[in-house]
Amino acid sequence: MTDLALRTAPTRTEGRLPALLGYAAVRALGLLALALVSGARGADPRTLLSARWDSLWYTRVAELGYGYEVRLPNGDVHSDLAFFPLLPWLERLGAALTPLSSADTGLLVSALASLAAAAGIHAVTAHVYGDRAALYAVLLWAVLPVGIVQSMAYSESLFTALAAWSLYAVLTGRWVGAGVLALLAGLTRPVGLAVVAAVWAAAVREHLRERREAGAGLRAGAARLLGVVLAPLGTAGYVLWVGHRTGGGLFGYLDVQAGWRNGFDGGYAFARFVGAKFASFPSALAGLGLLAGVALVVWLCVTCVRQCQPLPLLVYAGAVTALALCASSYFGSKPRLLLPAFPLLLPLARALAGWRPRRSAAVLGVVAVASAVYGAVWLNGSGPP
């Protein structure tokens with residue numbers, strides 16, 4: 001199908017409710033497993049979901065504003081300016097309007113955003129491949145091994161919701177909506193640049209198509225231009241504000257990230273990390289697992305291209321994957337950073353859609369249980385920093 005055909009295809013909504021119910025059931029299973037494992041270990045599941053790791057930084061920003069930093073003995077400086085503001089803004093708003101604390105509001109935002117993300121994933125997939133594949137795409141996103149993050153007071157669910165609906169707006173020719181949603185995604189996580197890239201790539205392609213066909217009117221072109229202008233304002237606005245606040249100018253935000261030892265090195269640090277695993281036999285097994293995981297991600301990327309996914313999805317998923325795998329950030333967080341790259345799941349969703357329903361349900365059921373147990377043990381252990 002061409003991008004124009006996708007843009008003008010009728011919207012599919014009839015299968016969204018079963019997908020959302022299935023998603024909610026998987027998430028409920030994950031929370032039940034977390035409660036059982038946490039109870040056995042004497043831990044509080046609510047604390048694990050809302051008051052550890054990044055969630056603590058978001059809550060602090062929501063309650064006290066920006067300006068907090070931790071100086072480590074090795075000279076590193078961990079500043080709260082590394083965390084984009086949309087989630088803390090919503091936590092502050094929720095705490096002001098409801099009896100909930102900022103941390104509990106973060107959990108509520110993530111719960112609602114995860115449902116919105118599931119609906120967006122369904123809308124995108126149904127628009128491209130139909131309702132049956134869309135159902136499996138939503139369920140696959142739910143049963144990812146790090147799916148428990150979707151229920152935490154983290155920004156992944158909020159970002160995925162905004163990204164998915166922005167991509168859907170692009171595919172259906174709603175350029176202003178796509179730009180506004182990309183702007184909000186850019187206020188949520190640094191990887192909002194991937195949404196901007198998808199909007200821009202689709203806009204350029206549509207413009208070139210119109211020039212060849214000499215078809216569209218001024219109104220369509222103006223709406224597309226407005227979406228293109230709006231898309232980067234979230235990311236650019238926050239980065240420029242951080243640069244002004246720190247005195248670092250255009251590179252101020254990069255300096256903040258450097259204090260966390262985050263940066264983009266093309267995957268060199270990650271490759272060294274994986275290679276170091278082969279220095280001894282027990283850790284070599286982990287190294288093999290990492291290589292298998294990277295190979296799977298690369299294979300999914302190639303398959304998406306071979307299956308001719310729409311350009312916005314390819315650009316978005318490619319950018320998210322590149323930023324996740326080629327960054328020098330903490331290596332244990334890379335599976336979490338890949339969570340928003342849902343277009344990578346579409347080849348698997350299409351394969352499941354071709355199976356008999358009982359077989360697909362059985363496979364997803366087993367994976368859902370394994371994912372719930374893994375997420376519960378993981379969150380009670382090293383967890384997603």
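Side chains included, hydrogens not; waters and symmetry mates left out as well; all remaining heavy atoms used.
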>> Would the distance check show the side chain of R132 and the main-chain N or O of A353 forming a donor-acceptor pair, the cut-off being under 3.5 Å?
In response: yes
> Is F251 atom CZ crowded by more than 12 heavy atoms from other residues, nucleotides or ligands, each under 6.0 Å away?
Replying inline: no
>> Counting the benzene-type ring for Trp, do Y253 and F84 have ring centres under 6.0 Å apart?
In response: yes
>> Is there a continuous path of hydrophobic side-chain contacts, each under 4.5 Å between heavy atoms, that joins V180 to L193?
In response: no
> Does one hydrophobic cluster hold both V298 and L140, with members joined at side-chain heavy-atom distances below 4.5 Å?
Replying inline: yes
> So, the side chain of R245 versus the backbone of Y66: is there a donor-acceptor pair under 3.5 Å, distance only?
Replying inline: yes
> V176 and L187: same hydrophobic cluster, using ILVMFWY side-chain contacts below 4.5 Å?
Replying inline: yes
>> Would the distance check show the side chain of S114 and the main-chain N or O of A111 forming a donor-acceptor pair, the cut-off being under 3.5 Å?
In response: yes
>> Has Q150 got a side-chain atom pairing as donor or acceptor with W141's backbone, closer than 3.5 angstrom?
In response: yes
> Under 3.5 Å, is there a donor-acceptor pair between the side chain of S55 and the main chain of A153?
Replying inline: no
>> Any side-chain to backbone donor/acceptor pair from S371 onto V143? Under 3.5 Å, distance only.
In response: yes
> For R92 and A62, which heavy atoms make the closest approach, and how far apart are they?
Replying inline: NE-O, 2.8 Å
> Can you tell me if CH2 on W200 sees more than 12 non-hydrogen neighbours from other groups inside 6.0 Å?
Replying inline: no
> Out of curiosity, does L100 fall in the hydrophobic cluster containing L49 (side-chain heavy atoms, cut-off under 4.5 Å, transitive links)?
Replying inline: no
> With no hydrogens and no angle check, is any side-chain donor or acceptor of S50 less than 3.5 Å from a backbone partner on T47?
Replying inline: no
> Is the shortest heavy-atom distance from the side chain of V320 to the side chain of L337 under 4.5 Å?
Replying inline: no
> Are R336 and E156 ion-paired here, with the side-chain N under 4.0 Å from a carboxylate O?
Replying inline: yes
> Do S283 and S280 pass the side-chain hydrogen bond (donor to acceptor under 3.5 Å, both in side chains) test, and can you show the C-alpha distance, the side-chain angles, and the key distance before you say yes or no?
Replying inline: CA-CA 6 Å; S283 64; S280 61; 2.9 Å; yes
>> For R41, is the CZ atom crowded, meaning more than 12 foreign heavy atoms sit under 6.0 Å from it?
In response: yes
>> For A201 versus V315, what's the shortest heavy-atom pair and its separation?
In response: CB-CG2, 3.8 Å
>> Membership question, hydrophobic clusters at under 4.5 Å side-chain separation (ILVMFWY): are Y168 and L184 in the same one?
In response: yes
>> If you define the side chain from C-beta out and look only at heavy atoms, does anything of D255 sit under 4.5 Å from T246?
In response: no
> So, for A202 and L311, which heavy atoms are closest and what is the spacing to 0.1 Å?
Replying inline: N-CD2, 4.5 Å
> Above 12 or not: heavy atoms from other molecules or residues under 6.0 Å from CG of L250?
Replying inline: no
> With distance as the sole test, does K277 use its side chain to make a donor-acceptor pair with the main-chain N or O of A284 at under 3.5 Å?
Replying inline: no
> So with a 6.0 Å cut-off around CZ of R46, is the heavy-atom count from everything else above 12?
Replying inline: no
> Shortest non-hydrogen contact from G287 to V274?
Replying inline: O-CG1, 4.1 Å
> Run the side-chain contact (heavy atoms from CB on, under 4.5 Å) check on V138 and F342 step by step: do they pass?
Replying inline: CA-CA 9 Å; V138 171; F342 69 89; over 6 Å; no
>> What verdict does the side-chain contact (heavy atoms from CB on, under 4.5 Å) test give for W241 and L81, after you've listed the backbone C-alpha separation in whole Å, the side-chain angles of each residue and the deciding distance to 0.1 Å?
In response: CA-CA 10 Å; W241 178 80; L81 292 171; 3.6 Å; yes
> Do R224 and E210 meet the salt-bridge criterion of a basic N to acidic O distance under 4.0 Å?
Replying inline: yes
> If we only count heavy atoms from C-beta on, is the L344 to C304 side-chain gap below 4.5 Å?
Replying inline: yes
> Would you say the side-chain atoms of R174 pair up with the backbone N or O of A169, donor to acceptor, closer than 3.5 Å?
Replying inline: no
> Which is it for W57 and Y68 under the ring-ring contact (aromatic ring centres under 6.0 Å, His included) test, yes or no, and what are the steps along the way?
Replying inline: CA-CA 9 Å; W57 289 89; Y68 178 76; 5.6 Å; yes
>> Could you go through L346 and Y129, starting from their C-alpha distance and side-chain angles, then the distance that decides it, and tell me whether this counts as side-chain contact (heavy atoms from CB on, under 4.5 Å)?
In response: CA-CA 9 Å; L346 300 194; Y129 295 125; 3.9 Å; yes
>> Taking the basic N atoms (NZ, or NE/NH1/NH2) and the acidic carboxylate oxygens, is any pair closer than 4.0 Å for D76 and R261?
In response: yes
> How far apart are the C-alpha atoms of Y23 and H122, what are their side-chain angles, what is the distance that settles it, and do they pass the side-chain contact (heavy atoms from CB on, under 4.5 Å) test?
Replying inline: CA-CA 11 Å; Y23 175 81; H122 185 279; over 6 Å; no
>> Would the distance check show the side chain of Y238 and the main-chain N or O of F83 forming a donor-acceptor pair, the cut-off being under 3.5 Å?
In response: yes
